[in-house]
Amino acid sequence: MISWKNADTLNAWKKLTALKDHVKLQTALSGDGGAARVKKYAVKMAAGLSYHYAAKQVDDEVLSALSDLAKEAQLTEKYAALVNGEVINTGEKRLVLHQLTRGQLGQDVIADGVNKRAFYEEQRLKAAAFARKVHSGEIANARGEKFTTVVQIGIGGSDLGPRAMYLALENWAKENGCFQMEARFISNVDPDDAASVLKSIDVARSLFVLVSKSGTTLETLTNEAFVKDALKNRGLDPAKHMVAVTSETSPLAKSSDYLAAFFMDDYIGGRYSSTSCVGGAVLSLAFGPEIFERFLQGAAEEDRLAANENLLENPALLDALIGVYERNVQGYPATAVLPYSQALSRFPAHLQQLDMESNGKSVNRFGEPVSYPTGPIIFGEPGTNGQHSFYQLLHQGTDITPLQFVGFRRNQAGMDVTIQGSTSQQKLGANVAAQIMAFACGKADENPNKNFDGGRPSSIIIGDQLTPEALGALLSHFENKVMYQGFVWNLNSFDQEGVQLGKVLAKRVLAHDTDGALKAFSDLMDI
């Protein structure tokens, strides 16, 4: 029988909090013992990736306490309940089924009289068939010309995840001969966003994918109207250039304004929707359905690892619990995501939404206030760019920020150059290895400006190359990490009421139903 309890009521929590500052990284990583520690504190992930946590402030005693916490909090049992179709999103009384979009972990889930696994698979195959017709020219523009560009119109989870995934595989697809169409993205209601995209593409040979589960998202519908105007102004029929990704009950579902519609449902949260048709339509058009399937396979393989009851063989659970230790015992307020891969340039932005929208909560799943910190602030940029930006604060600032590095041994484009005895890829790898040690061990100096205290923890996920399978595994790892942390903190990680109030007030402003300070701020914006 599963029970949902606040973290600070658990016996294991009390034991864990007694282990504050238990490990001194400067000592743990020194000498031969440090080398042995690097080999010991690692766990295999899917798709040839591995998670290394030797530079985290943990040892066998801390890991034992984390394992006890996982068992007492029934974390893997809660994961099993989620994949088997129990109502985990208590705020909205919904199932949470994004794992079903890439494989079956548990029993068949029947909801609303529908086998949901079969439903998601049907929609994936429908989007795949559509993409193949576009690539063959069977679906073309009014002049019979092939579409060359796909433009996704969405916001939040309908943009951040699919955009990050596209950018992550763009160079790989070009190098491996499976690049089909350029993809662009319109998200911001700022007209400059849509205008910049429309001015940079051949609109007549562009296919637009409108993504809105409800069919009522104001920013997305505004941008759709912007695009339709651009099409009409060029003498084009918008209905011959647009498809929709929406729910079966939305006003977009049966509209003649679209060439096709692909469906999702309320059991797939926006920030968890990259493996549904929200990501599947645009990624299948850009790279081909076979590449999207490989991406799903990597995610499914990592999902299976996340079900392992052994903490030391479950990378998502391990990463999650180390993060809980850092947030609640060590008291660190933020986490930096630092991919040493330009292909992952927008991955930190996606993880920012995934984590902060999921676990940015101050009440538990029953609506009661919690007395401990929950989700951290997430930020990041690719290395080595970040080194010349915010690493100064990370190295010598007054707050310690845990770091999550991601790195690969080989680049995607198959191009490189040797300068001063090393290639660009070698320089990239050298930088990430050096940063891990610099953050952990620091450097003593009599000059305070040049003194580095060290003791700044990090982990790294390493792979050979960023492939579709590796990208899927990365996505699943972080989705499951966030899920497990929400379980520990007894949160509902699958609603997002915090985004609603601003929307309500914005509608009042646009309707000129304002007074007081709201009217004054509206006047400042000339509304």
Side-chain angles (χ1 to χ4, degrees), residues 92 98 123 127 130 149-166 183-201 203 206-232 238-266 268-274 276-283 285-286 346 349-350 352-354 357 495-511:
E92 297 170 315
H98 54 275
Q123 296 306 309
F130 180 85
T149 304
V150 54
V151 182
Q152 180 125 320
I153 307 170
I155 197 166
S158 300
D159 168 76
L160 286 165
R163 187 194 296 248
M165 302 308 123
Y166 170 78
R184 302 295 299 274
F185 297 83
I186 298 172
S187 58
N188 199 334
V189 76
D190 183 342
D192 285 342
D193 187 18
S196 67
V197 171
L198 292 170
K199 289 178 180 179
S200 67
I201 61 175
V203 174
S206 295
L207 187 64
F208 297 87
V209 180
L210 182 78
V211 184
S212 174
K213 185 177 1 182
S214 66
T216 61
T217 309
L218 180 61
E219 296 96 332
T220 301
L221 295 183
T222 300
N223 279 326
E224 179 192 26
F226 198 105
V227 167
K228 284 183 172 179
D229 276 353
L231 289 164
K232 291 174 183 176
K240 301 293 178 62
H241 287 259
M242 304 194 82
V243 299
V245 179
T246 189
S247 68
E248 290 182 292
T249 58
S250 93
L252 311 179
K254 303 283 193 296
S255 174
S256 60
D257 290 344
Y258 308 100
L259 284 166
F262 313 113
F263 300 129
M264 51 178 163
D265 57 36
D266 285 336
I268 308 292
R271 58 196 176 275
Y272 296 95
S273 66
S274 291
S276 75
C277 281
V278 172
V282 65
L283 295 178
L285 285 163
R346 291 297 289 169
H350 169 60
Q352 187 176 64
Q353 185 201 14
L354 174 67
E357 196 168 84
D495 65 2
Q496 57 283 330
E497 293 301 325
V499 306
Q500 301 303 323
L501 178 58
K503 290 182 178 180
V504 172
L505 292 179
K507 288 180 179 179
R508 282 185 54 192
V509 171
L510 291 172

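Both backbone and side-chain heavy atoms feed into the values below; hydrogens, waters and symmetry mates do not. The first residue in the sequence is number 1, and the count goes up from there. Here the structure is a predicted model, which is why all the values come from computation and not from measurement.
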> Heavy-atom distance under 4.5 Å between the side chains of Leu218 and Leu510, does that happen here?
Replying inline: yes
> Rounded to the nearest 0.5 Å, how far does CD of Gln123 lie from CZ of Phe263?
Replying inline: 6.0 Å
> Between Val211 and Thr220, which heavy-atom pair has the shortest distance, and what is it?
Replying inline: O-CG2, 3.6 Å
> With a 4.5 Å limit on heavy-atom distance, are the side chains of Glu92 and Asp266 in contact?
Replying inline: no
>> What I'd like to find out is whether the side chain of Phe226 reaches to under 4.5 Å of the side chain of Leu198, using heavy atoms alone.
In response: yes
> What are the two closest heavy atoms between Gly215 and Pro251, and how far apart are they?
Replying inline: O-CG, 3.9 Å
> What closest approach, in Å, do Ser187 and Ile155 show between heavy atoms, and which atom pair accounts for it?
Replying inline: O-CD1, 3.5 Å
>> Does anything in residues 241-261 form a ring pair (Phe, Tyr, Trp, His ring centres under 6.0 Å)? List the pairs, not counting sequence neighbours.
In response: Phe147-His241
> With a 4.5 Å limit on heavy-atom distance, are the side chains of Leu160 and Arg346 in contact?
Replying inline: yes
> Can you check whether Val278 reaches Gln152 side chain to side chain, under 4.5 Å on heavy atoms?
Replying inline: yes
>> For the CG atom of Asp229 and the CD atom of Glu224, what is their distance to the nearest 0.5 Å?
In response: 10.5 Å
>> Treating Ser255 as the side-chain partner and Leu252 as the backbone partner, does any N or O pair qualify as donor plus acceptor under 3.5 Å?
In response: no
> Backbone N or O of Asn188 within a donor-acceptor pair of the Asn223 side chain at under 3.5 Å?
Replying inline: yes
> Between CD1 of Ile153 and CZ of Arg184, what distance do you get to the nearest 0.5 Å?
Replying inline: 13.0 Å
> How many angstroms lie between CG in Leu210 and CG in Asp257, if you round to the nearest 0.5 Å?
Replying inline: 10.0 Å
> For Ser247 and Ala253, which heavy atoms make the closest approach, and how far apart are they?
Replying inline: O-CB, 3.5 Å
> Do the non-hydrogen side-chain atoms of Glu248 and Asp265 ever get within less than 4.5 Å of each other?
Replying inline: no
>> If I take atom NZ from residue Lys213 and atom CE from residue Met264, how far apart are they, to the nearest 0.5 angstrom?
In response: 6.0 Å
> Sub-3.5 Å donor-acceptor pair from the side chain of Asp190 to the main-chain atoms of Asp192, do we have one?
Replying inline: yes
> What is the minimum heavy-atom distance between Phe262 and Ala127, and which atoms define it?
Replying inline: CE2-CA, 3.7 Å
> Under 4.5 Å between any side-chain heavy atoms of Leu354 and Tyr272, yes or no?
Replying inline: yes
> Who pairs with Asp193 by salt bridge (Lys or Arg N to Asp or Glu O under 4.0 Å), at least two apart in sequence or on another chain?
Replying inline: none
> Closest heavy-atom contact between Thr246 and Ser250?
Replying inline: OG1-OG, 2.5 Å
> Is there side-chain contact between Val245 and Val243, with at least one heavy-atom pair below 4.5 Å?
Replying inline: no
>> Can you classify the ring geometry of Phe185 versus Tyr166 as parallel (below 30°), tilted (30 to 60°) or perpendicular (above 60°)?
In response: tilted
>> Tell me every residue that passes ring pair (Phe, Tyr, Trp, His ring centres under 6.0 Å) with His350, counting only those two or more places apart in sequence or in another chain.
In response: none
> How far does CG of Leu283 sit from CE of Met165, to the nearest 0.5 angstrom?
Replying inline: 8.5 Å
